[in-house]
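Just below is one structure, and these are the notes that go with it.
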Amino acid sequence: MSTMDRRIGNSARIEASRRAFVVGGLAGAFSLGFSLPAPEAALAQTASAPPEIGAWVVVQPDETVIIRVARAEMGQGTLTGLAQLVAEELECDWGNVRYEMVKPAENRARGRIWRDMSTGGSFGIRSSHAYVRAGGAAARLMLIQAAAESWKVNAGECRVERGVIHHPPTGRKATYGSVAAAAAKLSPPQNIALKDPNRWTIAGQPVKRLDTADKLDGSLVYGVDFKLPGMLIALPRACPVHGGKLVSFDAAAISGMRGVKHVLRVDDETVVVVADTFWRAKTALDALPIVWDEGPNANASSETIATTLREGLSAETRFIGNKVGDAQPALASGSDVYEADYSYPYQNHAQMEVLSATVRWSPERCDVWAPTQVAEAAHDTAASAAGVPTANCEIHTMRIGGSFGRRLSTDYIRMAVLIARQIPGVPVKMIWTREEDMAQGRFHPVTRARMRAKLGTDGTVEALHMRISGQSIAAYARPSAITENGDPFVFQGLTPVAPEGSFAYAIPNLLIDHAMRNPHIRPGFWRGVNTNHNAFYSECFIDELAHRAKQDPLDFRRRMMGGSPKHLAVLDAVADRVGWGNPAPDGIFRGIAQYMGFGSYTAAVAEVSVADGRLKMHRIVAATDPGHALNPQQIEAQVAGSFVYGLSAMLHGECTVKDGRIEQQNFDTYNVLRMDEMPAVEVIVMPSGGFWGGVGEPTIAVAAPAVLNAIFAATGKRIRDLPLKNTDLRVS
Amino acid sequence: MPKLNINGGMIDVEVEDDTPLLWVIRDHVGLTGTKYGCGVAQCGACTVHIDGVATRSCALPVNAVGEDQKIVTIEGLGAKGLHPVQQAWAELDVAQCGYCQVGMIMAVSSLLAQNPRPTDDEIKAEITNICRCGTYTRVLAGVKLAAERMGASRG
């Protein structure tokens, strides 16, 4: 908050940069800046720009409240949640709220007044709630002050109700819209107290999303839908073996095809066909003779990758995520050591909207219309590829047709700019075909695990060693994050007590470590990231140990969770809801799992049946404690959606490698979960307060282990290799 | 020059015969509500109505569509006010990213026109559109709410 104050107080910088701030579609309103004299150019701007009260709020004379949103909206509901937080402190009428997306060049021109624009790791709300609330509160205080000054009364005597300021002693009242002009001329307040969440009336409520209407009638313009006059369509193709090179292509072979305008080398691994329409570009690209140098990975396969990872299961390593006591001597030898190996495959994000970006380039300026989860990084990427200063480049951010981490990478932004740069002045929309999107993904990393444990005489776990062998996302995507202890993201949910995620079980001798093995397939952050396989390995193996100890899986866990009360609370909640202690209905079997990720505690019970080898998932009961529940109905939607994503991965998700390339090219070979496989999901939202956890990703982790543990209960069959489609449940 | 009846109007389209209807609608007619998701009729994002029947337009060559066949896209579905399916979707906050929802809405509105009271199993068998955000629970609820409303309005 104090930082926010300083930023609001830095009116000289704001005023200077406000000239560059142009908001579309709001003509007729007038702008209100801060109290410093404005240059003539800025004054001209004020005639048509909207009235801004602080960086986050615009109030128009007709009472419309526009709330600025700096984080990406890709379906996860962050846009609405952030607007709720601002509106809560502003105390406006929620029915009057609209939104507006911030752009990175504007943000930078104003000294990053909207701060971080990246959206990943379920951080969108939890890393910005304090300063966006402060932004709403500052605007409210300025509006009240404006009214009080006009009435010549003490601002402290005024109160606000849904965007109307009242002065009870005199019975006066004024709407926000009527005092916005005066408010914006005031100095911003220095001390801002935020409301106690217990007093929230907009935040914390299950309000509807602000961004629904244009999704229902086809009018939402996604990145792939964007159009400019004279625009061309570009379809790229990169070497299908990651790391391979483009040697040559025979442009003459397709140059006469209808609609084809250009056939260009993009970079050392990519060729592009530019045409007047998508279909003509695709037809020509499919006919284009291309010679690749597939490089050293041309013979890599899923089996060679598996061999590399298997070697890592017993190799020496110094990358340790959690160590208690001394597990290795206890597990050195002996028939009482229980061991199991697990594996988790590559997966594509398979977001519904394929990658795209529209670029208009000139030697002086570059404009990019594109969806991205990292607007500022995309801005850097675009300016660099364009060869123009960042101030002469803008990313016109767009709402996203699903992303799940894919657009944390800016590879496609760079590619689109490099294409447009070869066709100066002509707007070019680059679109990836689904096949290109499948081949050039940033894949969920491939890992294996060796789980070794010894039970004590009292049936508790005396020693556990969890060895993860496999790919580091950071080693490829964020090398600066790699430390002498390896990739910190690898141990998500497995570390000692930590705000992001801690291992729940007290085990006297514990070792969790990682042997980094990085195949050539490019990895990326995939919804749930490393919690997906970490929870699968740890929660299924704990279940194995419970059965080996001849104990109830819930009781077995509870005994080790005395020091993890919040983990235990969500676990108990799902057990209670499902009636864990009572028999399941005939033919129905239950499995349970808990995990912590992205700052939130999650647990689930799955109820399944297996008949003739066919799995039916009847019901999932899931609980989440995200600390604060900003919009319970959207949390419910995110949890249900997390189960679709997680169960889709568990059932079907697998990208295999042959001849160095990903084999699956489309949804016919990369199947995903559809409605007929969707279980009923009951969601328990149980915020315990005092912290802010994420919502979009955490519950994915428990989806697979809960169901797999239920399958074991039903069949006695332990699934240790995903996806399930590769296992015949009829065979025991 | 082929003619298409789209959303009640006849449109001349001068394209190659093998151009999928989806790309005629998007690139030549200029209606972008109908989405590209896969190009192989797997995901349903490109669903339109042809004579009332939900059809995946991404793998349907334009020369397979006759002049007398009535094509309706999402832009035409709610042209006279929101369709009950769209209303149900708004009421239940079904959409997340929204990209697949236009196709879902086209598939569901066609289903309800043919089967006003579908069972859960019928809905799950008929609506095979892919949603990666995972809105299926609310899609199912939305179909039932729309069916109820449409039933009530028929009296």
Side-chain angles (χ1 to χ4, degrees), chain A residues 73-77 208-209 211-222 224-225 227 233 258 276-280 282-283 349-354 399-404 431 433-435 633-634 637-638 640-645 648 666-668 672-678 680-681, chain B residues 15-16 18-20 22-24 26-28 30-43 45 73-75 77-79 82-83 85-87 89-102 105 121 123-125 127-140:
Chain A
E73 176 55 51
M74 47 199 156
Q76 85 284 27
K208 287 188 183 158
R209 299 175 65 114
D211 58 341
T212 292
D214 60 0
K215 292 172 181 168
L216 305 183
D217 63 6
S219 61
L220 198 173
V221 175
Y222 294 92
V224 291
D225 302 326
K227 281 183 270 197
I233 307 291
R258 187 166 184 195
D276 59 352
T277 69
F278 177 98
W279 189 249
R280 287 170 184 158
K282 183 176 187 302
T283 304
H349 296 87
Q351 75 291 342
M352 288 311 301
E353 183 191 10
V354 292
R399 284 146 70 199
I400 312 176
S403 204
F404 315 114
I431 305 176
T433 61
R434 176 60 63 186
E435 289 77 8
Q633 67 96 352
Q634 280 301 302
Q638 284 305 299
S642 292
F643 275 89
V644 173
Y645 213 69
S648 186
N666 209 318
F667 289 117
D668 50 355
V672 295
L673 186 141
R674 299 171 200 239
M675 201 161 30
D676 61 341
E677 293 178 317
M678 177 70 185
V681 177
Chain B
V15 297
E16 295 75 51
D18 67 345
T19 309
L22 169 66
W23 294 107
V24 176
R26 285 181 62 84
D27 281 355
H28 298 270
L31 298 175
T32 55
T34 307
K35 301 303 180 196
Y36 167 67
C38 67
V40 292
Q42 281 283 320
C43 77
T73 70
I74 189 71
E75 290 88 350
L77 183 76
L82 287 183
H83 186 279
V85 174
Q86 291 168 308
Q87 290 174 22
W89 254 235
E91 197 163 319
L92 299 179
D93 244 9
V94 170
Q96 290 188 28
C97 86
Y99 193 82
C100 74
Q101 297 299 340
V102 285
I105 289 165
D121 284 346
I123 296 166
K124 289 176 179 180
I127 306 303
T128 58
N129 299 43
I130 293 173
C131 170
R132 290 289 285 156
C133 295
T135 61
Y136 298 130
T137 304
R138 291 194 186 183
V139 167
L140 187 63

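In what follows, chains are A, B, ... by sequence order, proteins preceding strands, each numbered from 1.
In this structure, B:Gln42 contributes its side chain and A:Asn666 its backbone to no donor-acceptor pair below 3.5 Å. Counting only distance, with no hydrogens or angles, the side chain of B:Lys124 and the backbone of A:Glu677 share no donor-acceptor pair below 3.5 Å. Using a distance-only test at 3.5 Å, with no hydrogens or angles considered, no donor-acceptor pair links the side chain of B:Tyr36 to the main chain of A:Val354. At least one donor-acceptor pair closer than 3.5 Å links the side chain of B:Gln86 to the backbone N or O of A:Leu216.
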Hey, mind stepping through A:Trp279 and B:Asp18 against side-chain contact (heavy atoms from CB on, under 4.5 Å) and telling me if it holds?
-> CA-CA 9 Å; A:Trp279 189 249; B:Asp18 67 345; 3.5 Å; yes

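Here the shortest heavy-atom pairing between A:Leu220 and B:Lys35 reads O-NZ, 3.8 Å. Of all non-hydrogen atoms in A:Met74 and B:Cys133, the two that sit nearest each other are O-SG, 4.4 Å. Among all heavy-atom pairs drawn from A:Val224 and B:Tyr99, the shortest one is CG2-OH, 3.5 Å. Scanning both residues, A:Met352 and B:Cys100, for their nearest heavy atoms gives CG-CB, 4.4 Å. A:Arg674 and B:Ile130 make their closest contact through NH2-CD1, 3.5 Å (heavy atoms, listed as atom of the first residue, atom of the second, distance). What you find for B:Cys97 and A:Lys215 is that their closest heavy atoms are O-CE, 3.4 Å.
Highest contact tally toward chain A, considering only B:Glu91, B:Arg132, B:His28, is held by B:Arg132 [criterion: heavy-atom pairs under 4.5 Å].
Taking the charged nitrogens against the carboxylate oxygens, B:Arg26 and A:Asp225 do have a contact shorter than 4.0 Å, which makes a salt bridge.
Only the side chain of B:Trp23 comes within less than 4.5 Å of a heavy atom of chain A; its backbone N, CA, C and O stay farther away.
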